[in-house]
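Comments concern the structure below.
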Amino acid sequence: MQKTLALVAHDHKKPDLIGWAKQHRAILARHKLVATGTTGGLLSEALGLPVHRFKSGPLGGDQQIGALIAEGTLDALFFFWDPLNPAPHDPDVKALLRLCSVWNLPVACNEATADLMITSPLFEDSQHVRKLPDYGK
């Protein structure tokens with residue numbers, strides 16, 4: 001079962017995400033990868049895998065990934081964000097993380113959580129279905 005996975009990292013966390021992705025390349029290779037601009041280019045080069053690149057985060061890439069969440073076409077977000085260096089697009093980052101909670105989307109914001117998420121037996125279990133909230137009630 002191929003999933004769509006978003007990989008995003010702030011500037012100071014890009015090396016961490018690249019290193020993590022290399023460790024989990026075999027799993028990532030089985031899925032469709034999307035990323036924000038610069039991160040996507042670095043990942044594609046480092047992994048030798050196709051990565052659909054959206055705009056840079058500050059130029060709307062975070063919002064483009066947020067749209068995938070709202071449309072129900074994203075299966076997980078790996079967002080290595082830097083809590084010690086505020087970004088000019090911080091409201092976009094908060095909105096992206098908020099959408100993950102609103103739509104019950106698995107999100108990892110650091111390497112430890114990303115490791116747990118991607119190595120979980122449920123991650124590639126075709127029988128496991130994420131429960132979507134019903135906001136129509």
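Small disclaimer: the values here were computed from a predicted structure and weren't measured.
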Salt bridge (Lys or Arg N to Asp or Glu O under 4.0 Å) partners of K94, counting only residues at least two apart
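Result, salt bridge (Lys or Arg N to Asp or Glu O under 4.0 Å) vs K94: D90.
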
Test item: R53 side-chain N/O and G37 main-chain N/O as donor-acceptor pair under 3.5 Å:
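Yes.
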
Treating H31 as the side-chain partner and K3 as the backbone partner, does any N or O pair qualify as donor plus acceptor under 3.5 Å?
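Yes, because the side chain of H31 sits within donor-acceptor range (under 3.5 Å) of the backbone of K3.
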
For Q23, look at atom CD and say whether over 12 heavy atoms of other residues, nucleotides or ligands are found less than 6.0 Å away.
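Yes, enclosed.
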
Under 4.5 Å between any side-chain heavy atoms of L96 and L77, yes or no?
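When only atoms from C-beta onward are counted, L77 and L96 do touch, with a gap below 4.5 Å.
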
Residues in side chain to side chain donor-acceptor pair (under 3.5 Å) with N85, at least two apart?
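Partners of N85 by the side chain to side chain donor-acceptor pair (under 3.5 Å) criterion, ordered by chain and then number, come out as H12, D82.
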
Could you tell me which residues satisfy side chain to side chain donor-acceptor pair (under 3.5 Å) with T39, sequence neighbours excluded, listed by chain and number?
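Partners of T39 by the side chain to side chain donor-acceptor pair (under 3.5 Å) criterion, ordered by chain and then number, come out as K14.
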
Under the salt bridge (Lys or Arg N to Asp or Glu O under 4.0 Å) rule, what pairs show up with a residue in residues 30-43, not counting sequence neighbours?
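For residues 30-43: R30-E124.
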
Dump the intermediate steps for ring-ring contact (aromatic ring centres under 6.0 Å, His included) on F123 and H128, then the final yes or no.
CA-CA 8 Å; F123 190 75; H128 177 73; over 10 Å; no

Holding to side-chain contact (heavy atoms from CB on, under 4.5 Å), I want the full list of residues that pass it with [X], two or more places apart in sequence or in another chain.
X    : result
D134 : K137
A95  : none
A21  : L28, L43, L47
P83  : W81

May I have all residue pairs that pass ring-ring contact (aromatic ring centres under 6.0 Å, His included) and include part of residues 92-120, sequence neighbours excluded?
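Qualifying pairs, neighbours excluded: W103-Y135.
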
Under 3.5 Å, which donor-acceptor pairs link side chains of residues 55-74 to any protein atom two or more places apart or in another chain?
from: D62; atom 1: OD2; to: H89; atom 2: NE2; distance (Å): 3.2
from: Q63; atom 1: NE2; to: D92; atom 2: OD1; distance (Å): 3.0
from: Q64; atom 1: OE1; to: K55; atom 2: N; distance (Å): 2.8
from: T73; atom 1: OG1; to: L68; atom 2: O; distance (Å): 3.4

Please name all residues satisfying ring-ring contact (aromatic ring centres under 6.0 Å, His included) with H52, sequence neighbours left out, ordered by chain then number.
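Testing H52 for ring-ring contact (aromatic ring centres under 6.0 Å, His included), a comparison that skips the adjacent residues, returns F54.
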
Sequence neighbours left out, cut at 3.5 Å: what donor-acceptor pairs do the side chains of residues 106-115 make with other protein atoms?
from: N110; atom 1: OD1; to: A112; atom 2: N; distance (Å): 3.3
from: N110; atom 1: OD1; to: T113; atom 2: N; distance (Å): 2.9
from: N110; atom 1: OD1; to: T113; atom 2: OG1; distance (Å): 2.9
from: D115; atom 1: OD1; to: W20; atom 2: NE1; distance (Å): 2.9
from: D115; atom 1: OD1; to: H24; atom 2: NE2; distance (Å): 2.9

